[in-house]
Amino acid sequence: MSLTRRNFIQMVPASAAALALTSGSTAKAAEPIHHVTVLGGGFAGCTIAKYIRMWSDGEIAVTLIEPRANHVSCVMSNLILNKRLKTADLTFEYNDLQLKYGVNVVRDKALKIRGPQKQIRLKNAGWISYDSLVVATGIQFDKIPGLNYKNAPHAWIAGGSTNKLRNLINKMPDTGTFVMTVPKTPYRCPPGPYERACVVADILGRRSGYLDGSGSTPPRVIVLDANPGIQAEKSTFTSAFNDLYGGIIEYIPDAQVESVESDDPNSLVVHTTQGSFGGDVINVIPTHGAQSILRRSGLTGESRWADVDPVTYATTNTLFQDVYVIGDAQGTSQPKSGHMANAQAKICADSIIRTVHGQSSYTEERLQNITTNSACFSPITYDKASWLTAVYSYNPDTGSMALVPGSLGEAHNWSTRNFNDMFDWSNNLFADTFK
Ligand SMILES: Cc1cc2nc3c(=O)[nH]c(=O)nc-3n(C[C@H](O)[C@H](O)[C@H](O)COP(=O)(O)OP(=O)(O)OC[C@H]3O[C@@H](n4cnc5c(N)ncnc54)[C@H](O)[C@@H]3O)c2cc1C
């Protein structure tokens with residue numbers, strides 16, 4: 001079956017339109033002036049779907065295509081490992097987008113984009129046409145010889161894999177060995193892998209009694225980093241690794257994964273350029289890039305990520321008119337974070353609405369105000385966290401986003417106050433994105 005633009009619009013539940021109108025929301029019943037199709041219901045996709053509906057005053061129809069029934073947030077997901085949170089706490093349904101904002105949510109998977117024809121192929125619905133297309137499909141992992149996710153979960157796209165890793169940590173010996181890898185940059189959430197090392201060291205260090213001195217044998221957390229050094233909050237993590245978790249965490253830079261033995265859960269080994277490391281649990285986070293739909297369709301060219309103009313987030317590939325890429329899949333040098341995906345989505349939403357109304361996105365005033373920001377909070381212990389923030393602005397001379405001098409902020413230490421602030425910050429981000 002091939003879906004037409006009209007079919008898609010009609011799939012918005014009748015109750016959504018009714019509720020939107022009675023609740024004073026922005027959705028209008030009139031025929032839309034334009035139709036935006038969004039691929040991917042994560043941080044980038046949900047934010048743009050919501051904001052296009054709100055800022056266009058309901059004049060632009062939005063269809064969100066997502067293969068999963070709901071979204072499990074990676075943000076905060078390391079707290080599933082130490083059971084401070086449950087998956088349900090980080091699971092967001094698409095009801096609010098549908099009912100409050102009139103977004104048409106379709107459960108399907110996009111397989112291919114044909115730029116010149118302005119068409120996408122969906123797994124269930126076949127080929128459909130779009131007016132504008134926003135690609136917000138996140139990341140995909142490189143294949144690693146021997147890596148079997150059943151026995152070595154990545155837990156880097158949150159959900160079942162995170163639960164599996166929690167269960168394996170739960171069952172491993174108190175003084176056992178946990179081996180994890182850090183992918184080559186750029187990867188999703190720069191401090192995230194180091195934060196994970198701390199969370200796991202805290203779990204095992206408490207359980208074994210090593211941290212409070214009641215046990216003398218340390219568990220081991222081996223961090224194999226494909227990069228030459230710690231990639232974010234260097235002084236905080238160096239101090240956490242050497243002091244707080246000294247004797248537990250062993251950090252090894254320049255360790256690129258070559259292959260893995262993981263078919264037998266009782267014999268798990270990571271082979272790297274710095275040697276081979278066996279563990280009771282291994283957590284390999286492969287190097288990643290944009291999802292294969294972008295690669296297959298020609299949106300990434302030779303790169304792993306889609307090159308975009310950061311004024312609009314339109315792809316720079318001229319075969320694809322009215323196609324935008326936001327969030328982790330895009331290839332600007334900005335950090336890959338949920339906070340950043342949310343910020344990019346708003347710039348892209350504004351630009352699409354301007355284009356639909358025949359207005360330029362390149363006015364001097366707008367160019368001066370193109371800024372994005374990123375924030376990552378990192379749990380370091382069971383109840384203490386650190387944080388990292390950065391602001392980027394558009395540089396018209398280079399046509400790229402640049403870190404605003406002096407904007408890089410770091411907690412420089414971990415504290416309970418930061419831990420509590422982390423929940424305020426994440427709840428704001430979740431509400432702004434999904435609700
Ligand atoms: C442990 C961890 C901690 C993190 N902590 C932070 C933090 O403190 N702060 C922060 O800002 N960020 C953090 N992040 C990073 C953040 O989660 C990502 O940067 C963010 O999820 C990127 O958003 P996205 O919309 O680009 O991708 P995603 O959120 O991954 O969404 C992509 C969506 O696209 C869907 N999709 C995939 N393929 C297709 C297809 N072919 N068709 C249709 N849909 C498709 C997927 O199902 C998914 O729902 C963390 C990440 C991890 C792993």
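Bear in mind that the values here come from a model prediction, so they are computed numbers and not experimental data. Counting starts at 1 for both ligands and their atoms, following the listed order.
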Number the atoms of ligand 1 from 1 as they appear, then name those within less than 4.0 Å of a heavy atom of Lys336, with their elements.
19 (O)

Would you call the rings of Trp425 and His339 parallel, tilted or perpendicular, taking 30° and 60° as the class edges?
parallel

Measuring from atom 44 (N) of ligand 1, which candidate in Pro67, Cys189, Ala345 has the nearest non-hydrogen atom?
Pro67

With no hydrogens and no angle check, just 3.5 Å: does a side-chain donor-acceptor pair link Tyr51 and Asp432?
yes

Below 4.0 Å, non-hydrogen atoms only: which portion of His71 touches ligand 1? Side chain, backbone, both or neither.
side chain

Under 4.0 Å, heavy-atom basis, I'd like to know which part of Ser426 is in contact with ligand 1: side chain, backbone, both or neither.
neither

My understanding is that we take every heavy atom of each candidate and find the minimum distance to atom 27 (O) of ligand 1. Doing that for Arg196, Arg188, Gln330, which one comes out nearest?
Arg188

What residue and heavy atom of the protein are closest to atom 12 (N) of ligand 1, and at what distance?
Gly338 N, 2.9 Å

Nearest neighbour in protein (non-hydrogen) for atom 21 (O) of ligand 1:
Phe43 CD1, 3.4 Å

Less than 3.5 Å between some nitrogen or oxygen of Glu195 and one of ligand 1, yes or no?
no

Taking the ring centre of each residue, are Phe434 and Tyr94 less than 6.0 Å apart?
no

Please state which protein non-hydrogen atom is closest to atom 13 (C) of ligand 1 and give its distance, to 0.1 Å?
Val75 CG2, 3.5 Å

How does Phe377 reach ligand 1, if at all, at less than 4.0 Å between non-hydrogen atoms: by side chain, backbone, both, or neither?
backbone

Just to be sure I read this right, does ligand 1 sit under 4.0 Å from the backbone of Phe92, its side chain, both, or neither, counting only heavy atoms?
neither

Which of the numbered atoms in ligand 1 are below 4.0 angstrom from a heavy atom of Ser337?
10 (C), 11 (O), 12 (N), 15 (C), 18 (C), 19 (O)

N or O contact, Ala110 vs ligand 1, cut-off under 3.5 Å
yes

Lys50 with Asp96: basic N within carboxylate O range, under 4.0 Å
no

Quick test: of every protein heavy atom, which one is nearest to atom 9 (N) of ligand 1, and how far off is it to 0.1 Å?
Ala375 O, 3.0 Å

Which atoms of ligand 1 are found less than 4.0 Å from any heavy atom of Ser77?
1 (C)

What are the atoms of ligand 1, with element, lying closer than 4.0 Å to any heavy atom of Gly327?
26 (O)

Start with the C-alpha gap between Tyr130 and Asp322, add the side-chain angles, then the distance that decides, and say whether side chain to side chain donor-acceptor pair (under 3.5 Å) holds.
CA-CA 9 Å; Tyr130 55 81; Asp322 303 308; over 6 Å; no

Please state which option from Val38, Leu64, Thr137, Leu79 has its nearest heavy atom closest to atom 40 (C) of ligand 1.
Thr137

Tell me whether the rings of His288 and Tyr187 are parallel (<30°), tilted (30 to 60°) or perpendicular (>60°).
perpendicular

Under 4.0 Å from any heavy atom of Trp425, which atoms of ligand 1 are there?
7 (C), 8 (O), 9 (N)

Output the list of atoms in ligand 1 that are nearer than 4.0 Å to some heavy atom of Ile65, sorted by atom number.
43 (C), 44 (N)

Closest to atom 52 (C) of ligand 1 among protein heavy atoms sits Cys74 CB, 3.5 Å

Which residue and atom name correspond to the protein heavy atom nearest atom 47 (O) of ligand 1, and how close is it?
Glu66 OE2, 2.8 Å

Enumerate, atom names and distances included, each donor-acceptor pair closer than 3.5 Å involving a side-chain atom of residues 384-394, sequence neighbours excluded.
{"from": "Ser386", "atom 1": "OG", "to": "Glu233", "atom 2": "OE1", "distance (Å)": "2.7"}
{"from": "Trp387", "atom 1": "NE1", "to": "Asn418", "atom 2": "OD1", "distance (Å)": "3.4"}

